[in-house]
Amino acid sequence: MPELPEVEGVVRQIRPAAIGKKIEEVFVSDTIRVSKTSGKEAIIKRMETDMFISRLMGAQIISVERRSKYIYFTLKKDGEFLLVNHLGMSGAWFYVDSLLSIGEEKFRKHVHVVLSLSDGNLLAFSDIRRFGEMRVLKEETDFPPLLLMAPEPFEESALAHFLQMAESPKYQNKPIKEVIMDGQVISGCGNIYATEALFKMKIHPNRAAKRISRTRKVELFQTIVAILLESIEAGGSTISDYRNVNGESGNMQNRFGMYGKKQCMECGSMTKSLQIGGRTSVYCPTCQK
DNA sequence: TTTTTGATCCGGAAGC
DNA sequence: TGCTTCCGGATCAAA
């Protein structure tokens, strides 16, 4: 599951490959075409397939940036506009000379959008579960949820924003895990890194936000930021379906203390799991209070 | 009005 | 082996 560090890795690799290139052709898989034709919002959101293709065709890629877990491609054709992409559960980009160069079959057979670039190479978007998203926007304001996202966690304003949100009426009674996984509170922290940060801080995931002191909240925020940075350094985490643009897995999963563990790496207790905000939360009943 | 729940996008892993 | 069930980021409509 790609979270912020994985998306950052992808963006860093796509950027040098894509910037300045022109999109000469756009290919959308038959699977997506059929789903779209039957009225579903499969990957390409709020736009018909043919319109999506004609908007991208002939555009030049000006920049590739990450915002939270989203990838923003700034494109230029007449004026500038955005292609906003979310990797969802299993989305992956490959920069290859041919689709046959995608090594693993499970990715190769689920390629759904291909951008053919002016350097002769392809930027191919593969998505096994099709939870990924592509949106063509005139500007960011055309998709309001983007504007509600918390600041980037590495920005100076992010800590104050986090404290203000976590202590607001809407969030103060909620389990802390649900709070830190909310993109309006902190950007880019999903189940994996929330689990790891709470384990490191020895905080029970179900503890109400207001039952954590200001000092501990600050420490928790700093722990999340540190883990995100550590993961970026490690090339992200590969749980099942994350691959970088060269098809490689990350290494961060080898440093986990809790996520996906049956036994606590600290004390050896059997871990427990519970549903918080509709998501599975693993924790150590001995270490996390 | 606000918050919560459920459906939606799916294939694959796991359990029987 | 084949069937059923469960899982998940994020959004959006419905309750």
Side-chain angles (χ1 to χ4, degrees), chain A residues 1-8 10 28-49 52 66-72 84-93 104-113 125-137 140-150 153 165 168-175 177-195 205-206 208-209 228 231 236-243 253 259-260 262 273-282:
Chain A
M1 292 163 282
E3 296 184 20
L4 185 151
E6 292 76 35
V7 179
E8 177 65 23
V10 168
V28 175
S29 72
D30 287 343
T31 311
I32 294 304
R33 284 178 181 277
V34 169
S35 285
K36 295 274 298 164
T37 303
S38 68
K40 293 178 179 172
E41 288 272 276
I43 299 184
I44 299 168
K45 308 293 182 186
R46 298 292 159 98
M47 189 174 274
E48 286 181 14
T49 310
F52 176 80
R66 180 190 58 73
R67 175 75 177 90
S68 188
K69 301 178 199 171
Y70 290 88
I71 302 172
Y72 284 34
V84 177
N85 167 241
H86 194 293
L87 301 178
M89 294 290 302
S90 53
W93 283 98
E104 293 175 86
E105 193 197 346
K106 68 171 177 174
F107 288 97
R108 198 167 56 239
K109 77 178 196 191
H110 293 287
V111 168
H112 290 304
V113 177
F125 182 70
S126 168
D127 191 352
I128 297 168
R129 287 181 190 69
R130 293 184 239 167
F131 275 33
E133 291 182 16
M134 299 258 188
R135 293 171 197 275
V136 173
L137 305 174
E140 211 179 16
T141 51
D142 289 343
F143 187 54
L146 299 177
L147 303 175
L148 297 173
M149 284 191 293
M165 293 293 273
S168 72
K170 182 177 172 186
Y171 291 104
Q172 60 170 350
N173 291 315
K174 290 191 172 176
K177 178 146 180 293
E178 197 177 331
V179 174
I180 60 177
M181 283 179 64
D182 189 316
Q184 296 186 28
V185 179
I186 299 177
S187 276
C189 179
N191 206 0
I192 296 171
Y193 300 108
T195 298
N206 218 11
L228 292 175
S231 181
S237 307
T238 293
I239 300 305
S240 57
D241 296 328
Y242 169 68
R243 298 292 185 280
Q253 67 279 6
Y259 188 86
K262 290 201 165 63
S273 82
L274 103 148
Q275 290 291 116
I276 298 174
R279 298 191 186 122
T280 304
S281 302
V282 187

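For A:Lys106 and B:dG12, the NZ to C1' distance is 9 Å, given to the nearest whole Å. Atom pair A:Tyr70:OH and C:dA10:P shows a separation of 6 Å (rounding to whole Å applied). Counting to the nearest Å, the C1' atom of C:dT11 and the CG atom of A:Asn85 are 16 Å from each other. Straight-line distance from the NZ atom of A:Lys109 to the P atom of B:dG11: 10 Å, rounded to whole Å. Atom-to-atom, CG of A:Leu87 to C1' of C:dG8 comes out at 14 Å; the value is rounded to the nearest Å. Summarising the geometry, the separation between CD on A:Glu104 and C1' on B:dG12 is reported as 14 Å, rounded to the nearest angstrom. Following rounding to the nearest Å, A:Ile186 (CD1) and C:dA10 (C1') show an atom-to-atom distance of 17 Å. The distance from atom CD1 of A:Ile276 to atom C1' of C:dG8 is 16 Å, rounded to the nearest whole Å.
Each of A:Pro145 and A:Met89 lies near DNA chain C, and the nucleotide nearest A:Met89 is the one positioned closer to the 5' end. Annotation: of the two residues near DNA chain C, A:Phe143 and A:Gly132, the 5′-most nearest-nucleotide partner is A:Gly132.
At least one side-chain heavy atom of A:Ser231 sits less than 4.5 Å from a side-chain heavy atom of A:Glu6. With a 4.5 Å cut-off on side-chain heavy atoms, A:Pro153 and A:Leu228 count as touching. Here the side chains of A:Lys106 and A:Arg243 are in contact, with some heavy-atom distance below 4.5 Å. At a threshold of 4.5 Å between non-hydrogen side-chain atoms, the residues A:Thr195 and A:Lys177 count as touching.
Nucleic acid contact for A:Ser90: none, since no nucleic acid atom lies under 4.0 Å from a heavy atom of the residue. At the heavy-atom level, A:Tyr171 lies nowhere under 4.0 Å from the strands shown.
Look at A:Arg66 and A:Glu8 and you find a salt bridge, because one of the NZ, NE, NH1 or NH2 atoms lies within 4.0 Å of a carboxylate O, short of that distance. Using a 4.0 Å cut-off between a side-chain N of Lys or Arg and a carboxylate O of Asp or Glu, A:Glu3 and A:Lys69 do not qualify as a salt bridge.
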N/O to N/O distances under 3.5 Å, protein versus nucleotides 2-4 of chain B:
residue : atom : partner  : partner atom : Å
B:dT4   : OP2  : A:Lys174 : NZ           : 3.3

Under 3.5 Å, N/O pairs linking protein and nucleotides 6-10 of chain B:
residue : atom : partner  : partner atom : Å
B:dC10  : OP1  : A:Ser35  : OG           : 3.0
B:dC10  : OP1  : A:Arg130 : NH1          : 3.3
B:dC10  : O4'  : A:Arg129 : O            : 3.3
B:dC10  : O3'  : A:Arg130 : NH2          : 3.2

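With no hydrogens or angles considered, no side-chain donor-acceptor pair links A:Thr49 and A:Lys36 at under 3.5 Å. A:Thr280 and A:Gln275 are linked by a side-chain donor-acceptor pair at a separation below 3.5 angstrom, with hydrogens and angles left out of the test.
A:Phe125 is linked by a ring pair (Phe, Tyr, Trp, His ring centres under 6.0 Å) to A:Trp93, counting only residues two or more places apart in sequence or in another chain.
Of all nucleotides listed (C:dT11, C:dG8, C:dA10), C:dG8 comes nearest to the side chain of A:Asn191.
Under 4.0 angstrom from either OP1 or OP2 of B:dG12 there lies at least one side-chain N or O belonging to A:His110.
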